[in-house]
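Bear in mind the structure is a predicted one, so any value in this text is a computation, not a measurement. FYI, the numbering just counts along the sequence from 1.
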Amino acid sequence: MASTPPILWEATDQQKRSSHIYQFMEWLKNKKQLQFDDYAQLYQWSISQTADFWRCFVEYAEIFSFPDNQDVCSKWKNDFIGVKWFEGVEVNYAQAIFKQYSDVRPAVLFADEHNIELQSVSWKDLYQQVSALAYWMRTNGIQKGDRVVSILPNIPENVTAFLATQSIGAVWSSCSPDFGNDAIWNRFDQIEPVLLFAADQTTYNGKQHEKSGQIRFLQQSIASIKHTVLLKKSNHHSEAFHFVDWNKIIATDGGELYFEPLSFDHPLWILYSSGTTGAPKAILHSVGGNLIEHMKVLLLHWDVHPGERFFWYSTTGWMMWNFSVASLLTGATLILYDGSPTYPTTERLWQLAADAAIHHFGLGAAYLIHCQKSNISFNRNKFPALRTIGSTGSPLTPEAYQWVYQHVKSGVWLISFSGGTDICSGFVGGNILLPVVEGEIQCRLLGCDLDAVDETGQSVRDDLGEMIIRQPMPSMPVCFWGDMGDAKYRSSYFEKFPCVWWHGDFITLTSRDTVVISGRSDATLNRDGVRIGTAEIYGALATLPFVNDSLVVCLEKKDGSFFMPLFIKMEGDEKLTEPYKQIIDQLLRRSCSPRHVPDAIYAVPDIPYTISGKKMEIPVKRILMGLADTITTLADSMRNPSSLDAFKKMV
């Protein structure tokens, strides 16, 4: 990159010395005689001696014991599929969470759209509820390895259901209740669940939504479901389907909670790909892999301490729900919120941050950008407890970085975090030992051998490249459910570049070891062979007051040429006039390059998004290529299905 962007924040010496990562480096020096003068040296050791890194971290964090003379990781050749980690170890994710049991702090604090007062769940109450539910599950034949699914909203009961499921060794999977019926069926039917958790009513954006019809549909269409546990939230009768009342189960005495010993690679949960290029893939994750990966990120890269309060705004169908629950592993109090982030006002979540004295506050990048464009500003003393603001889901613009430090809190540590459902964690993210630089992610995470390469697979620096991972990580998928011979697994990650994991993101890895994510490479723009990340265009357009949202694709024509249309959702009652088009062209030419200027600009009523908040460039591209019939199953996976209509009319 031509110049170094401005530094927006740097931790004090005291903050650095009290951090987990500093203490880990001290521990390595004193216990293992390993001296690292800075993070760059520590990172290089973690990828050059990966097995030693994971062995040391597991010992440092006191996660489990492992023999010194036993290999941490099995050998691998052409790809990472089938790699074994910490063979012979037995773990239980729920047991690791309950190691943090405390009588002096709550386990969970909860709020929703209609309850300003925080509801508290003590560790004692959480233990009793998990024990009662686990006892009921065992007595009703739910066994180790059975699949248990949930369409509960983001409420404490969903955490209870997950912990009970994991305690007995069953496999957890959840979808947000705002998914359409077919979208849920497309996911759950693959894995043949025996138990469904559901609520008969949910609330979003001030409106109540009855879910009895959805529950009946799933019971009737998924033959494997034997039991339904219902959390009644309405006064309507639910005799139309069979269920067991949640409250009756929880009221019983489950006795001492027993944790099933599980092998390191035993299934923990099943997450799903977005389904934008076909049926959602059911990605199976291991107990041990997620346990040590989550503790690594939350301790060493987020610096979460016992008694702090951790929040991430998420639905129960997004991997960030799983990641937020992992904060309990550190002794933090988990903060949950059920509802719209902008109801009754855009500032609702920020008020929650103040009311709950949140230390670690996680949000989608799109929400932060929305707040920035809404010109929201806070008193500098509004968030005294706030230590970190996390951002993920899409690239965060430099303007949003500036807004956080100018209008939220100048002393906060902004962590831009990027990874995926594929590992239920991040590849790149935060580091308290390093400064926050405008528009850039601080570092590659420890144990993640990440590189940027050109089309030939050669490493590139300070230039746009494909993100690859050169070595296996413990939290990579065990398999895709029902994927005979790992064909889908292999084609998803290991076909583009031999012997390395291809993630499908365009990144710039700078010579300063910071990272810039530029969008999905399979949705990346190609102008005469020059690759352009969509995030660059979106970031520039976000500065224009008449632009509400945007989407850009690049179509490869049969004659070898390219056509790059830009679609604009206008702000309010604004119209896309020729002067506005000229402003857009001039801005992109000036702030990006002439190659970033679109071939045409169109106004559309709305920009299509998945339910998890990702722009749907690839489906739009396929529609404009005349392949709309290949994505007809997308509607139930979308936040706004009708938004595709305008694009279909253009063909």
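Within the 3.5 Å criterion, the main-chain N or O of Tyr272 finds no donor-acceptor partner in the side chain of Lys281. With Gln100 contributing its side chain and Leu328 its backbone, the two residues share no donor-acceptor pair below 3.5 Å. Remark: the backbone N or O of Gly390 is not paired with any side-chain donor or acceptor of Thr388 at under 3.5 angstrom. Side-chain N or O atoms of Thr610 include one that pairs as donor or acceptor with a backbone N or O of Lys614 at under 3.5 Å. Here the side chain of His370 pairs no donor or acceptor atom with the backbone of Thr342 at under 3.5 angstrom. Using modelled atom types, no side-chain atom of Arg387 and backbone atom of His360 make a donor-acceptor pair closer than 3.5 Å. With hydrogens and angles disregarded, no donor-acceptor distance shorter than 3.5 Å links the side chain of Gln458 to the backbone of Asp454. Between the Glu10 side chain and the Ile7 main chain, no donor and acceptor come within less than 3.5 Å of each other. Side chain of Gln442 to backbone of Asn431: a donor-acceptor contact under 3.5 angstrom is found. Remark: side-chain polar atoms of Lys382 are not paired, donor with acceptor, to backbone N or O of Ala354 under 3.5 angstrom.
Heavy-atom neighbours of Lys16 NZ from other residues, nucleotides or ligands within 6.0 Å: above the threshold of 12.
Using a 4.0 Å cut-off between charged nitrogen and carboxylate oxygen, Lys32 and Glu59 count as a salt-bridge pair. Remark: Asp451 engages Arg461 in a salt bridge, criterion side-chain N to carboxylate O under 4.0 Å. By the 4.0 Å N-to-carboxylate-O rule, Lys296 lies close enough to Glu293 to be salt-bridged with it. By the 4.0 Å N-to-carboxylate-O rule, Arg105 lies too far from Glu308 to be salt-bridged with it.
In plain terms, the two heavy atoms of Val437 and Arg512 that are nearest each other are CG1-NH1, 4.5 Å. Across all non-hydrogen atoms, the minimal contact from Val304 to Leu299 is O-CD2, 3.7 Å. What you find for Ser425 and Phe323 is that their closest heavy atoms are OG-CE1, 4.4 Å. Minimum heavy-atom separation, Val453 to Arg470: CG1-NH2, 3.6 Å.
Atoms CG and OH, on Leu434 and Tyr39 in that order, are 7.5 Å from each other to the nearest 0.5 Å. With rounding to the nearest 0.5 Å, the separation of CD1 in Ile507 from CG in Asp463 is 11.5 Å. In this structure, CD1 in Ile155 is found 9.0 Å from OG1 in Thr316, a value given to the nearest 0.5 Å. Here CG of Asn322 is found 8.0 Å from OG of Ser314. Values are rounded to the nearest 0.5 Å. One distance of note links CD1 of Ile81 with CZ of Arg490; it measures 4.0 Å at 0.5 Å rounding. The CD atom of Gln372 lies 5.0 Å from the OG1 atom of Thr397; values are rounded to the nearest 0.5 Å.
When ring centroids are compared, Phe86 and Trp54 stay outside the 6.0 Å threshold. Aromatic pair Phe98/Tyr127: ring centres closer than 6.0 Å. Taking the centre of each ring, Tyr489 and Tyr493 come in below the 6.0 Å mark. Side-chain rings of Tyr337 and Phe110 stay apart, their centers remaining 6.0 Å or farther from each other. Under the 6.0 Å cut-off for aromatic ring centres, Phe361 and Trp312 do not qualify, their centroids lying 6.0 Å or more apart. Here the two rings, on Trp350 and Phe378, have centers that are under 6.0 Å apart. Between His359 and His305, the gap from one ring centroid to the other reaches at least 6.0 Å. Two rings, from Phe80 and Trp501, have their centers 6.0 Å or more apart. Ring centroids of Phe264 and Trp85 are separated by 6.0 Å or more, keeping the two rings apart.
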(request) Give the intermediate values and the outcome of salt bridge (Lys or Arg N to Asp or Glu O under 4.0 Å) for residues Lys29 and Glu26. (result) CA-CA 5 Å; Lys29 179 171 64 177; Glu26 289 293 295; 3.3 Å; yes

(request) May I have the step-by-step check of ring pair (Phe, Tyr, Trp, His ring centres under 6.0 Å) for Phe36 and Trp45, ending in yes or no? (result) CA-CA 9 Å; Phe36 304 108; Trp45 168 73; 5.2 Å; yes

(request) Apply side chain to side chain donor-acceptor pair (under 3.5 Å) to Trp321 and Asn154, showing your working. (result) CA-CA 8 Å; Trp321 179 86; Asn154 192 19; 3.2 Å; yes

(request) Apply the test side-chain contact (heavy atoms from CB on, under 4.5 Å) to residues Trp302 and His20: give CA-CA distance (whole Å), side-chain angles for both, the deciding distance (0.1 Å), then the verdict. (result) CA-CA 9 Å; Trp302 229 284; His20 286 297; over 6 Å; no

(request) Show your reasoning for whether side-chain contact (heavy atoms from CB on, under 4.5 Å) applies to Thr346 and Cys371. (result) CA-CA 7 Å; Thr346 301; Cys371 291; 3.9 Å; yes

(request) Report the C-alpha separation of Asp303 and Trp413 in whole Å, then their side-chain angles, then the decisive distance to 0.1 Å, and conclude whether the side chain to side chain donor-acceptor pair (under 3.5 Å) test is met. (result) CA-CA 11 Å; Asp303 199 43; Trp413 172 17; over 6 Å; no

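Two residues are said to be in side-chain contact when any heavy atoms from C-beta on lie closer than 4.5 Å; Ile63 and Phe57 meet this criterion. Inter-residue side-chain proximity for Pro5 and Glu440 is flagged as met; some heavy-atom pair is nearer than 4.5 Å. The shortest distance between side-chain heavy atoms of Glu399 and Lys373 does not fall below 4.5 Å. Between Leu352 and Ile358, some side-chain heavy-atom pair lies under the 4.5 Å cut-off. Inter-residue side-chain proximity for Leu163 and Ile97 is flagged as met; some heavy-atom pair is nearer than 4.5 Å.
Looking only at atom types and distance, the side chain of Thr510 has no donor-acceptor partner in the side chain of Asp462 under 3.5 Å away. A side-chain N or O of Gln402 and one of Glu438 form a donor-acceptor pair less than 3.5 Å apart. When only modelled atom types and interatomic distance are considered, Gln166 and Trp172 share no side-chain donor-acceptor pair under 3.5 Å.
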